[in-house]
Trainee: 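Pasting in a structure now, in structure tokens, and then I'll have a few things to ask.
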Amino acid sequence: MLSEPRSGRLAAWGNALLAGLVSPDDAALAIVGEDAVHRVEGLPGESGPVGLTLALGRLRALGVKGLRVALPAPGHPLGLSGPPDFNARALDAEEAVVCHGAALGLVPEVYEAGPEGDVHVEVVWHCLTVREAPPADVPSLGEAERELAEALHEATEVLSRLDVAGSGPVAEAAVDAYRARAERGREVLAPGYPPRAVRVLELAQRVGLLISVAYENGHGGAVSASEISARALALRPVERTARRAQVAAYNAFVEERERGVR
């Protein structure tokens, strides 16, 4: 839960490329990650799907100056600005990238291919028209950091009281996996992002780990329906806050550019 979204990698490394801080090949490699291949279809001026390197160059030629992330959930169109058809596709995918400087957005569609035992992941980004308007419900980095600290404190108190704060082998494995990811690549964003954005994203990921442990640990010590309900009520706003913070961190590059910091 709240692991690094593909839209986050595309926005972060796409922004670094647009700013001239990384090469097209390095950006494409970072965006693809452990997937087999990414393609973009529906780009203006292209008759069919194209590779990431060509797609990012085409977006720049179309006037794109930056990339924002959207991580919508039912009842929470976080980072979206419309129109309804784009919002619906983004909600179905639970993520999207919205271009700054051109009325375009990208929604990923993930496919698994290959024989059993050798399955690989292919991603097609669908390029669609979006409404040029402020993204929904995205906080500033400062707001996100304060909200995360408060939500984490409140949720930890509730979960500890219900004895589901995260103990046992499932929790230990989740913590070990998080630490391994953190050590393997400290580039949680991409070159050019402000340190505060990195700090907020790391905190959001830690909060996401807490949520995952709480959900994956069954009902923990919650033995009554009311206690189980209390845990769910504690987790929902924390998860929402963590998603908002994640979007704020990924979008910090564009927000700074709009304020004239860059």
Trainee: What's the separation between atom CG in Leu189 and atom CD in Glu202, rounded to the nearest 0.5 Å?
Mentor: 8.5 Å
Trainee: Any side-chain heavy atom of Asn15 within less than 4.5 Å of one from Tyr250?
Mentor: no
Trainee: Report the C-alpha distance between Cys99 and Val130 in whole Å, list the side-chain angles of each, state the deciding distance to 0.1 Å, and finish with yes or no for side-chain contact (heavy atoms from CB on, under 4.5 Å).
Mentor: CA-CA 9 Å; Cys99 298; Val130 300; over 6 Å; no
Trainee: Are the side chains of Trp125 and Arg6 in contact, using a 4.5 Å heavy-atom criterion?
Mentor: yes
Trainee: Pick one: which of Val200, Leu78, Leu201, Leu148 meets side-chain contact (heavy atoms from CB on, under 4.5 Å) with Gln246?
Mentor: Leu201
Trainee: Could you tell me whether the side chain of Leu80 reaches within less than 4.5 Å of the side chain of Pro135, counting heavy atoms only?
Mentor: no
Trainee: Holding to side-chain hydrogen bond (donor to acceptor under 3.5 Å, both in side chains), I want the full list of residues that pass it with Glu147, two or more places apart in sequence or in another chain.
Mentor: Arg244
Trainee: Apart from Val124 itself, which Ile, Leu, Val, Met, Phe, Trp or Tyr residues share its cluster (side-chain heavy atoms under 4.5 Å, direct or through members)?
Mentor: Tyr111
Trainee: Compare all side-chain heavy atoms of Pro5 with those of Leu71 and state whether any distance is below 4.5 angstrom.
Mentor: yes
Trainee: Sequence neighbours left out, what pairs pass side-chain hydrogen bond (donor to acceptor under 3.5 Å, both in side chains) with at least one residue falling in residues 92-105?
Mentor: Ser7-Glu95
Trainee: What are the two closest heavy atoms between Gly142 and Arg196, and how far apart are they?
Mentor: CA-NH2, 3.4 Å
Trainee: So, do Thr129 and Phe86 sit near enough that their side-chain heavy atoms are less than 4.5 Å apart?
Mentor: no
Trainee: Could you go through residues 17-32 and list every donor-acceptor pair under 3.5 Å that involves a side-chain atom there, pairing it with any protein atom two or more places apart or in another chain?
Mentor:
residue : atom : partner : partner atom : Å
Ser23   : OG   : Asp26   : N            : 3.1
Ser23   : OG   : Asp26   : OD2          : 3.3

Trainee: In this structure, would Trp13 and Leu10 fall into the same cluster of hydrophobic residues linked by side-chain contacts under 4.5 Å?
Mentor: yes
Trainee: About how many Å separate CG of Leu91 and CG of Asn87, when rounded to the nearest 0.5 Å?
Mentor: 8.5 Å
Trainee: For Leu54, what residues pass the side-chain contact (heavy atoms from CB on, under 4.5 Å) criterion, not counting sequence neighbours?
Mentor: Glu46, Val50
Trainee: Find the distance between CD (Glu41) and OG (Ser47) and round it off to the nearest 0.5 Å.
Mentor: 11.5 Å
Trainee: Applying side-chain contact (heavy atoms from CB on, under 4.5 Å) to Glu112 and Glu122, what does each step give before you reach the verdict?
Mentor: CA-CA 6 Å; Glu112 290 188 348; Glu122 299 180 1; over 6 Å; no
Trainee: Do Val207 and Val238 have side chains that get closer than 4.5 Å, going by heavy atoms?
Mentor: yes
Trainee: What heavy-atom pair brings Tyr193 and Ala12 nearest, and what distance separates the two atoms?
Mentor: OH-CA, 3.4 Å
Trainee: Return the minimal non-hydrogen interatomic distance between Phe253 and Pro191, and the atom names on each side.
Mentor: CE1-O, 4.3 Å
Trainee: On a heavy-atom basis, which atom in Pro139 and which in Ala144 lie closest, and how many Å separate them?
Mentor: CG-CB, 4.0 Å
Trainee: Below 4.5 Å, heavy atoms only, C-beta onward: do Leu104 and Leu128 meet side chain to side chain?
Mentor: no
Trainee: Restricting to side-chain contact (heavy atoms from CB on, under 4.5 Å), what partner residues turn up for Ala133, sequence neighbours left out?
Mentor: Ser81, Arg131
Trainee: Would a hydrophobic clustering, with Ile, Leu, Val, Met, Phe, Trp and Tyr connected at side-chain separations under 4.5 Å, put Leu52 with Val97?
Mentor: yes
Trainee: With a 4.5 Å heavy-atom cut-off, do Val121 and Val123 have their side chains touching?
Mentor: yes
Trainee: Quick one: closest heavy-atom pair of Gly114 and Val119, and the distance?
Mentor: O-CG2, 4.1 Å
Trainee: Taking Arg243 first and then Asp137, would you say they form a salt bridge - that is, a charged N and a carboxylate O separated by under 4.0 Å?
Mentor: no
Trainee: Can you tell me how far apart CG (Leu141) and CZ (Arg146) are? Round to the nearest 0.5 Å.
Mentor: 10.5 Å
Trainee: So which atom in Val69 and which in Gly8 form the shortest heavy-atom distance, rounded to 0.1 Å?
Mentor: CG2-CA, 3.8 Å
Trainee: Quick one: does any side-chain atom of Glu143 pair with a main-chain N or O of Ser140 as donor and acceptor, under 3.5 Å?
Mentor: yes
